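Have a look at the structure below, then the notes.
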Amino acid sequence: MDKMLVTGGLSLRGTVQTSGAKNAALPILFSTLLADGEHVFRNVPDLKDIESTAKLLESLGCETRREGDVFRVKVNKLKSIEAHYDLVRKMRASILCLGPILSKYGEAVVSMPGGCAIGTRPIDLHLEGMKALGAEITLKEGYVHAAAKRLVGGTILFETCTVGGTENVMMAATLASGKTILENAAKEPEIVDLAEYLIKMGAKISGHGTSIITIEGVDQLRPSEHTIMADRIEAGTLLIAGAITKGEVTVEKCRPQHLEALILKMREAGFKIETEKTAMTVFKASAWDAVDITTAPHPLFPTDLQAQFMALMSVANGTSVISETIFENRFMHVNELIRLGADITPKTRVAVVRGKPDGLTAAPVMATDLRASASLVLAGLVAKGETMVNRIYHLDRGYENLEAKLSSLGAKIRRSE
Ligand code: UD1
C-alpha cells in the first residue's frame, strides 16, 4: 500500500477530530525510562514512529502494550543501555533516549542518527547540554558513549533554539544533583506537555513554555498517568484541507491557541476562521490572497506546516514568498508541486510561489518526507483528475488515518499497491 490516489475538485465538509500529538508522545514515551514501574497514557496516536519508539523501548528491556485508547509502558531495570543503529536510523527522535538513560543509569550508548531528508539535523546541542551537566561524551564507531556517575546541574545556553535538545537535556536534568537552568530553551507546546508529565512523575520543573526552564534535580521519579496533547500539526493540516478545497470544516479536539500563527496567516489571506477552546472552523472561501510566511520557533509559523501552506498558496491570488529558517533542505515538495502545475521558484531557504487559482492538474508525484507528503495530498485534493502520491509510507510516520479522516469529510482518496 505504497501509493495514495487522490481525486481533486471535491469540497470538504463536516467535522473531524484531531489525534494525539506525535511530537509530544515520542519524548514522553522516552521519559518513562526515568522511572521504573507502569506508566499509563491516553491519546497516543497509532503511528509508525510510535511503533519504532515501542520497539526501541522493548530492546532496552521495557514492555509496551496498547489496549484501545490506553498505552502502557512497563519499565523494569534496563537489560541494555544501548540504543542500536537499526532502531535509531528509522527515527531521529530516538536520540531522546540519551538523556533519560544517562541520567538514571550513569551511562548510555546511543547510535548517532543518520542523515535526514530535510537537512543535516546535527545533535551537537544535545551533546553540549549533557557535557554541561558533567557527562563525558565520546564518539566511537557511529555511537555516542555518554557517562557520568551522577549528572550535576548547570546553566546551559542553547546557541540555537532546539526542540529535541531542550527535551533531552530537560529530561536528563530531572535526576541530576542540584539546579539546572536552560536558557534560550524551545517553547513548543510539546515541551510543555513533556514537562507536565515529568512533573507528574515527581520532577521539579518551572518556566516550561518560556525560554528559561529551571529544573531542580530529585533523587527518584515514579511512574504516572497522562493524556497526550492534541496534534497541532495534524489539526493545522486538516484546517488547510478544508480551506484549499473551498469547503467548510470544523476540526475538533484541538487547541487553536497552539496554532495562532497559522490562523493569523489564513485570516490575512481572507479566510473566515472561528475558534473555540478546543475546536476551530474554516468557512467556505471561493478565492484567497497570497500571503508571505517565515518559519521560526514557536509561537511563530511552524516549519512542520510550511509545505502544507505552500500547497494552499499555490492556488492563491498573487505571489507569496515562503521563507524557511529552521531546516536548510525543506523544499523537496516544491518540484513535486510543480509537477502538479504549481508555479514556484525555489531559492536557498526561500520559495516564490505565484498562485494559480484552479491551476493544478493531477500527476504522479513522490512523497519525500512526512510533511511534504501531506502537502502533496492537499494539492491532490484540488488538482483536476486523480493524483498518485508515491511513497506514502512517509505519511504513516506522523498522520493517524489521514485518508479515513479526509474521506469522512467527503474526499475521494484511497490507497493502492
Ligand atoms: C522537532 C520536531 C520536528 C520539527 C522541529 C522544529 C520532534 C520529534 N520533531 O525536531 O517535527 O520540525 O522540532 O520545530 O519533535 N540543531 C542543531 N544542533 C542540534 C539540534 C538541532 O544545530 O543539536 C538545529 C537543527 O539542525 C535545526 C534547528 O536546530 O536547524 C531546530 O531543530 P530542532 O528544534 O532540534 O528539531 P528536532 O527536535 O529535530
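Counting starts at 1 for both ligands and their atoms, following the listed order. Quick caveat, the model's predicted, so the values are computed rather than measured.
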Using a cut-off of 6.0 Å, state whether more than 12 heavy atoms not belonging to Glu136 lie near its atom CD.
no
May I ask you to test the Ile156-Leu133 pair for a side-chain heavy-atom distance under 4.5 Å?
yes
Has His126 got any heavy atom lying under 4.0 angstrom from an atom of ligand 1?
yes
Within this structure, what is the NZ-CD1 distance for the pair Lys200 and Ile28, rounded to the nearest 0.5 Å?
8.5 Å
Between Asp124 and ligand 1, is there a nitrogen or oxygen pair with a distance under 3.5 Å?
yes
Distance-only N or O hit between ligand 1 and Asn23, under 3.5 Å:
yes
Geometric N/O contact Ile326 with ligand 1, under 3.5 angstrom:
yes
Could you check Arg415, Lys48, Arg391 and say which one makes a salt bridge (Lys or Arg N to Asp or Glu O under 4.0 Å) with Asp396?
Arg415
Between Tyr143 and Tyr85, is there a donor-acceptor pair closer than 3.5 Å when you use the side chain of the first and the backbone of the second?
yes
Would you call Glu403 and Val6 a side-chain contact if the rule is heavy atoms closer than 4.5 Å?
no
If you measure every N/O of Lys22 against every N/O of ligand 1, is any gap under 3.5 Å?
no
Ligand 1 contact on Leu125 by region, counting heavy-atom pairs under 4.0 Å
both
Counting both backbone and side chain atoms, is some N or O of Phe327 under 3.5 Å from an N or O of ligand 1?
no
Quick one: do Glu400 and Lys22 make a salt bridge, cutoff under 4.0 Å?
no
Report yes or no: does a heavy atom of Arg330 sit under 4.0 Å from some atom of ligand 1?
yes
Any idea which part of Pro27 is under 4.0 Å from ligand 1, heavy-atom wise: side chain, backbone, both or neither?
neither
For Thr160, atoms of ligand 1 separated by under 4.0 Å from a heavy atom:
29 (O)
For atom 22 (O) of ligand 1, state which one of Pro113, Gly129, Pro122 supplies the nearest heavy atom.
Pro122
Check the side chains of Thr281 and Glu248 for a donor-acceptor pair under 3.5 angstrom, ignoring hydrogens and angles.
no
Is a side-chain donor or acceptor of Gln306 paired with a backbone partner of Arg330 at a separation under 3.5 angstrom?
yes
Numbering as shown, the atoms of ligand 1 that approach Gly164 to under 4.0 Å (heavy-atom distance)
35 (O), 38 (O)
What atoms of ligand 1 come closer than 4.0 angstrom to any heavy atom of Thr303?
6 (C), 12 (O), 14 (O)
